[in-house]
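See below for the structure under consideration.
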Protein chains: 2
Amino acid sequence: MSPTLRDVAERAGVSIRTVSNVVNGFAHVAPATRARVEQVVAELGYRPNTVARSLRQGRSRMLALVVPELDVPYFAELTRFVIEHAAARGYTVVVDQTDGDPTRERELIMNGTTANLFDGVIFSPIALGGADLRDRTVTTPVVLLGERASAVGLDHVMIDNVTAAGLATRHLIELGRTRIAAIGDQNDETRQTARLRTLGFRQAVTEAGLRVDPVLLRSTSFFHRADGAAAMAELLALADPPDAVFCYNDLLALGALRTALQHGVRVPEDIAIIGFDDIEDGRYSTPSLSTISPDKEQIARLAVELLANRLDGDTTEPVEVPADFTLQARESTLGR
Amino acid sequence: MSPTLRDVAERAGVSIRTVSNVVNGFAHVAPATRARVEQVVAELGYRPNTVARSLRQGRSRMLALVVPELDVPYFAELTRFVIEHAAARGYTVVVDQTDGDPTRERELIMNGTTANLFDGVIFSPIALGGADLRDRTVTTPVVLLGERASAVGLDHVMIDNVTAAGLATRHLIELGRTRIAAIGDQNDETRQTARLRTLGFRQAVTEAGLRVDPVLLRSTSFFHRADGAAAMAELLALADPPDAVFCYNDLLALGALRTALQHGVRVPEDIAIIGFDDIEDGRYSTPSLSTISPDKEQIARLAVELLANRLDGDTTEPVEVPADFTLQARESTLGR
DNA sequence: CTGAAAGCGCTAACAC
DNA sequence: GTGTTAGCGCTTTCAG
């Protein structure tokens with residue numbers, strides 16, 4: 001086994017208290033003692049046992065980031081920022097993937113199987129709704145990411161999806177498009193994000209004096225490339241296909257783009273496409289992808305700050321913090 | 001605070017030993033006792049404290065997966081498989097990102113800041129070389145992923161990069177291409193992967209009776225889209241540009257593809273492009289990307305098995321296990 | 001089948 | 001400035 005405080009103490013001829021002081025960089029240790037202890041620490045290769053420390057102190061300085069899918073670029077990119085900001089506040093982040101599996105989400109957030117392992121959790125829910133979250137028994141602080149029915153009594157960072165979807169839709173309308181489709185609506189009522197984007201889409205279309213043709217509003221089970229590709233194939237098969245498509249994320253848009261080009265449809269000349277998330281893939285596709293760009297760094301920073309403040313004893317009311325977003329118009333709507 | 005074994009024991013009028021037995025599903029507990037305890041557990045919302053359990057047992061049933069960058073799709077996709085296979089063997093995986101920072105890699109692997117937190121580590125190194133790894137003091141079992149100077153005394157799962165690079169290169173040659181470039185060589189000698197792929201590339205070109213024009217072998221600092229885009233721009237600026245390019249990963253290839261199309265170069269008619277990793281992006285680009293496809297699921301499975309076996313007490317000599325790969329020829333070399 | 005008690009490695013209150 | 005010690009919550013001998 002690896003050496004313990006006691007091993008070091010015995011060998012250095014001091015008490016474990018003194019070793020602990022040295023290891024933790026406390027002030028009042030005689031220089032000579034400190035030197036001797038440090039030498040023994042090096043000799044033995046002593047490392048503090050994180051687990052014992054956590055048990056004793058009741059905290060681990062570790063945060064969990066719980067996301068549905070790490071191989072969805074949006075989450076991978078967001079994760080980088082969360083790790084950076086957490087490090088700045090002295091926390092280590094471990095990442096957990098749920099696949100949107102309710103059991104797994106519940107396990108991580110509600111039951112607290114790992115409750116005492118992490119000081120706090122940043123959680124991007126898929127399956128768990130406001131009702132579930134409300135009767136959480138575990139007291140580990142949580143910050144929610146993305147859209148959720150409000151008033152769950154938890155801190156929450158999100159963008160205004162209705163406005164953002166409207167921004168994307170109006171961009172298409174301003175380009176002179178009149179027959180505008182949307183890909184990514186979801187019937188499942190826990191999928192708030194999709195519902196809010198549909199709402200923003202509908203509003204924008206209606207306000208422009210256009211009509212929302214129900215056949216142009218395509219539902220998908222997931223937000224993956226394959227779903228976007230399939231939905232676009234359906235749209236192209238229509239007697240009267242759209243001249244523009246708003247996809248609820250960039251993966252859907254990239255799938256849709258691929259299908260369009262494969263069918264010989266020109267983008268944006270025949271159909272303009274806009275996505276959502278501003279993942280790096282979309283900046284390197286041909287044509288490059290117009291998109292709504294949420295400020296991922298800001299989202300990560302806000303989430304970490306909120307959580308860190310709670311851990312520092314902030315007991316004010318839970319808040320909903322809006323994050324910024326911008327329209328990035330690229331070749332898939334503007335052309336070269 | 002959350003309730004402890006003692007709280008449950010007192011309330012149920014039994015000893016903590018009995019509660020522990022119930023919680024852990026041990027056999028010999030009288031049905032009546034079990035029922036009573038279970039009721040109190042539910043009432044109080046008792047959850048075992050993972051940290052205390054880890055300290056006591058000396059193991060956590062958690063594995064760390066340490067990768068350079070989660071927003072590199074290859075690692076994100078691999079991570080999914082690692083999580084799945086680890087779960088099948090009863091382990092939880094937490095993911096850690098190093099950015100290839102030597103300090104951070106050392107911290108995680110060598111020093112064992114988190115040593116007692118994880119039972120084992122699956123590590124995809126960037127900065128740390130064989131020499132570093134050899135004098136590791138921490139005894140937590142490690143499985144290495146990807147290329148590394150051998151004989152570091154650690155289990156190791158990798159594909160044969162020389163052969164794989166040769167396969168990609170020969171594919172281009174068989175298509176009748178004669179002026180073949182490579183993007184992704186790296187001067188840094190710790191970057192074994194790049195060196196081995198260059199070796200395979202050179203061998204294949206030479207064996208075909210062609211010449212490796214030094215100007216066609218482009219080094220890049222990283223393996224990102226931007227690096228591929230920049231390298232391709234340089235190649236296109238040559239008096240005598242290549243008619244095929246082998247990129248050392250798919251991100252480089254996607255960047256190169258974007259630049260080529262932007263310059264009005266037709267792919268594959270003017271320049272054929274092949275990548276490496278078979279990430280999902282490449283299946284949806286236009287043209288879709290030919291690539292070498294390492295069996296990521298197999299890599300993940302082997303790594304987890306190797307590690308789990310070590311944790312089960314396997315003390316045989318460390319092994320190097322080769323993983324499979326295949327050529328996926330798509331539109332970027334074959335056309336529609 | 002169940003209870004009592006030791007102890008995992010550490011920190012922190014309390015002594016001197 | 002340093003030593004002694006209790007105890008974080010749990011598992012696990014050892015008794016009975």
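Everything quoted here is computed from the prediction, not taken from an experiment. A note on names: the letters A, B, ... follow the listed sequences, proteins ahead of strands, and every chain is numbered from 1.
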Could you say whether B:Leu55 or B:Thr18 is positioned toward the 5' end of DNA chain C, judged by the nucleotide with the nearest heavy atom to each?
B:Thr18
Minimal non-hydrogen separation, B:Val142 against B:Leu307, with atom names
N-CD1, 4.2 Å
Does the pair [X]/[Y] count as a salt bridge with the N-to-O cut at 4.0 Å?
X	Y	answer
A:Glu10	A:Arg6	yes
B:Lys296	B:Asp324	no
A:Asp96	A:Arg104	yes

B/S/- contact track for nucleotides 10-16 of chain D, protein heavy atom under 4.0 Å
BBBBB--
Show me the donor-acceptor pairs, under 3.5 Å and distance only, between side chains in residues 38-46 of chain B and residues at least two apart or in other chains.
residue : atom : partner : partner atom : Å
B:Gln39 : NE2  : B:Glu43 : OE2          : 3.1
B:Glu43 : OE1  : B:Arg11 : NH2          : 2.7

Rounded to whole Å, how long is the line connecting atom CG of A:Leu117 with atom C1' of D:dG9?
14 Å
Nearest-Å distance, CD (B:Glu10) to C1' (D:dG9)?
14 Å
Residues which pass ring pair (Phe, Tyr, Trp, His ring centres under 6.0 Å) with B:Phe81, listed by chain and number, not counting sequence neighbours:
none
Using ring pair (Phe, Tyr, Trp, His ring centres under 6.0 Å) as the criterion, list what pairs up with B:His85, not counting sequence neighbours.
none
Touch check for A:Val51, heavy atoms < 4.0 angstrom, all strands: base, sugar-phosphate only, or nothing?
nothing
Should [X] be listed as having a side-chain N or O under 4.0 Å from OP1 or OP2 of [N]?
X	N	answer
B:Thr33	C:dT2	yes
A:Ser15	D:dG3	yes
A:Ser54	D:dC8	no

Could you give the angle between the helix axes at the two ends of the helix from C:dC1-D:dG16 to C:dC16-D:dG1, with five pairs per end, rounded to 10 degrees?
40°
Salt bridge (charged side-chain N to carboxylate O under 4.0 Å, His left out) involving A:Asp99 - partner list, sequence neighbours excluded
B:Arg80
